[in-house]
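The next block holds one structure in the form of C-alpha cells; read it before the comments.
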Amino acid sequence: MDNRTGTIFALSSGALPSAIAVVRLSGPRVRFVLETMAGIVPEPRRAMLRALKDPRDGAVLDEAVVLFFEGPASATGEDVAEFHVHGGRAVVGAVLEALGSFEGVRPAEAGEFSRRAFDNGKLDLTRVEGLADLIAAETEAQRRQALSQLCGSFGDLVEGWRRRLIGLRARIEAGLDFAEEEDVLASVTDADRAVLSDLRIGIETKLGEGRSGERLRDGLQVALMGPPNAGKSSLMNALAKRDVAIVTEEAGTTRDVLEVHLDLSGYPVMLIDTAGLREAEGIVEREGIRRALARGSDADLVLWMEDASGRRTGVPDGVVSAAGTVWPIANKADLVGDGFDAGDDALAISVKTGAGLDRLQEKLAAFAGEKFAGLGSAMATRERHRAALTACRDALVRAEAVGDAELMAEELRHAGDALGRITGRIDVEDVLDVIFAEFCIGK
Ligand SMILES: Nc1nc2c(c(=O)[nH]1)N(C=O)[C@@H](CNc1ccc(C(=O)N[C@@H](CCC(=O)O)C(=O)O)cc1)CN2
Ligand SMILES: Nc1nc2c(ncn2[C@@H]2O[C@H](COP(=O)(O)OP(=O)(O)OP(=O)(O)O)[C@@H](O)[C@H]2O)c(=O)[nH]1
Ligand SMILES: [Mg+2]
C-alpha cells in the first residue's frame with residue numbers, strides 16, 4: 001500500500017445480489033461526496049433516507065439509507081460515510097462508478113479500512129488480527145475467541161506487561177543516573193527483582209499454552225489413517241455430510257490428502273483423509289502414502305481405521321502423532337454381525353449403517369473440548385505472537401541473570417520491544433502488509 005492517504009470506498013457487504021448492500025467511504029472528501037450525492041451531510045450517526053445522485057449528471061441512482069460518522073469517532077478514525085443501497089448488481093455498480101468519478105476518491109485495497117484504523121490508533125495489531133479472525137470464524141469457539149481478541153483481551157494483557165517493564169526500566173535507569181552523580185554503584189532492589197520474576201512467570205505461563213490458540217483458529221487436526229479400503233473416505237463423507245472424497249471398492253482409491261472443516265459442538269476440527277497405507281507399487285500411490293504419514297505425524301489425533309471383518313494388525317509403531325493420541329477404529333461392524341465387539345480398545349462402527357457414528361462424534365467433540373479447555377480468552381493465536389513472547393522471555397531470563405544494573409536495563413529494553421511488536425507499537429512495518437492482506441476488500 002503506497003498511497004495511504006486520500007478517500008477510499010468499497011462494497012463492504014457480501015456477494016451480490018443481496019437484499020441490501022453497504023458501500024463505505026473513508027477519508028477527507030467524505031463530506032463533499034455526501035453533499036454532492038445525498039444533497040446533505042447527515043447529522044453524525046443518524047440514519048437518513050436520501051436519493052443518491054450521480055455527481056456527473058444528477059441522475060438518481062438509488063434511494064438509500066445514508067450514514068455519516070464524523071472523525072475521529074468512527075471505525076477508521078477518519079470521516080466515514082455509508083450508503084445502504086438496494087443490493088442489485090447494477091445499483092451497486094452505478095454507485096461505485098459514481099464514487100470513482102470524484103477527484104481524490106478511489107477504490108480501497110484489501111484491508112485498507114482496517115489499516116487506517118490501525119494507523120489512527122483505533123485498533124492495535126492484536127485487535128486487527130481478532131477482527132480478521134472474527135470474519136473468518138466458522139464455529140462458536142472461534143467466534144468467542146476472535147471477539148475477545150478484537151475487544152483487546154490479548155492486546156491489553158501484553159500492553160500491561162509492557163508498561164510494567166517500562167516502569168521497571170525507568171526505576172533502574174533512574175538509579176543508574178543517581179549512582180553516576182553520587183559516584184556509587186547502581187543496585188537493583190529486591191522489589192525490582194520480584195517484579196521481574198513475576199513478569200517472566202506470567203509470560204512463561206502464556207507460552208505454556210503452546211499452539212492451542214493457533215489450533216483454535218485452524219481447527220484441531222484429526223487424521224484418518226489405516227490400510228486401504230477400511231472405509232476412511234466413507235467416514236470422512238459421513239462426518240462432513242457431503243461427498244468430499246471418492247469412495248470405491250478398489251483398494252488405493254485415495255491418493256491426495258483431503259481436508260474438511262467440521263463444527264463439533266462449537267469446536268473447530270479439521271478432518272484429514274489420507275491414502276491407505278500399504279506396500280504400494282505405483283509412484284502416485286507411494287507419494288500419497290508419504291503425504292499420509294507426514295500429515296499423521298502433525299495431527300493432534302489419529303483415527304486408525306481397520307476393517308472389522310478382516311485381520312486387524314493394530315496401530316503400527318510408525319504411526320504415532322506428534323501429540324501421541326491414536327484411537328483404533330474397527331469399521332464395517334455390519335459385516336461381523338449384531339453385537340460385534342472389537343474386543344480390544346477399538347471403537348466399533350459401521351459407516352454403512354451409521355452404527356457408532358454418534359458416539360464417535362461425541363468422543364471427538366469431548367476431545368476437542370478438552371484440548372481447548374482451561375484456555376483463558378487472552379491467548380496467543382499466531383506464530384508471531386509466540387515468537388515475540390519467546391524473545392521477551394529470553395531477554396527477561398538474561399536480565400535476571402546479570403548483576404549489573406546497566407546490562408539489566410538493556411535486556412529489559414529488548415524484552416519490552418519484543419512485546420511492542422505484538423501490539424504493533426514498534427518496529428513492525430514488515431509484518432503489517434502480511435496481516436492486512438488477509439482481509440477482504442471493504443474491511
Ligand atoms: N453499518 C455498519 N455496521 C457495522 C460496522 C460498520 O462499520 N458499519 N462495523 C465495522 O467494522 C462493525 C461495528 N464496528 C464499529 C466500530 C467502531 C465504530 C465507531 O464509530 N467508533 C467510534 C465511536 C465509538 C462509540 O460511539 O462508542 C470510535 O471508536 O471512536 C463503528 C462501528 C460491525 N457493524
Ligand atoms: N459393509 C460396509 N462397507 C463399507 C463400510 N464403510 C465403507 N465401506 C465400503 O468399503 C469400500 C472402501 O471404502 P473407502 O471409504 O473408499 O475406503 P478407504 O479407506 O478410503 O480406502 P482407500 O482410499 O483406498 O485407502 C467401499 O466400497 C465402501 O462402500 C461399512 O461400514 N460397511
Ligand atoms: Mg479413501
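Residue numbers start at 1 and run along the sequence shown. Counting starts at 1 for both ligands and their atoms, following the listed order.
Polar contact with ligand 2: absent for Ile246 (N/O pair, distance under 3.5 Å).
For the Mg ion (ligand 3), the N/O/S atoms of Met236 include none lying under 2.8 Å. At a threshold of 2.8 Å, the Mg ion (ligand 3) has no backbone or side-chain N, O or S atom of Thr253 nearer than that distance.
Those atoms of ligand 1 with a heavy atom of Phe69 less than 4.0 angstrom away are 20 (O). Counting the atoms of ligand 1 from 1 in the order shown, those under 4.0 Å from a heavy atom of Pro72 are 30 (O). Applying the 4.0 Å criterion to heavy atoms of Lys443 picks out, from ligand 1, the atoms 10 (C), 11 (O).
Among protein heavy atoms, the minimum distance from atom 17 (O) of ligand 2 is reached at Gly231 N, 3.1 Å. The protein heavy atom nearest to atom 27 (O) of ligand 1 is Arg45 NH2, 4.8 Å.
Panel note: side chain Thr254, backbone Thr274; no donor-acceptor pair is recorded below 3.5 Å. For the pair Glu112 (side chain) and Ile441 (backbone), a donor-acceptor distance under 3.5 Å is absent.
Contacts between Ala251 and ligand 2 below 4.0 angstrom, taking non-hydrogen atoms only, involve the backbone exclusively.
For atom 13 (O) of ligand 2, the choice among Gly226, Ser234, Ala333 with the nearest heavy atom turns out to be Ser234. With distances taken over non-hydrogen atoms, the option nearest atom 22 (C) of ligand 1 out of Ala73, Ser114, Ala47, Ala75 is Ala73.
In this structure, Arg29 is not positioned above the aromatic face of Phe102 in the sense of NZ or CZ being under 6.0 Å from the six-membered ring centre and within 45° of the axis.
Taking every heavy atom of both residues into account, Met37 and Ala98 meet most closely at CE-CB, 3.9 Å.
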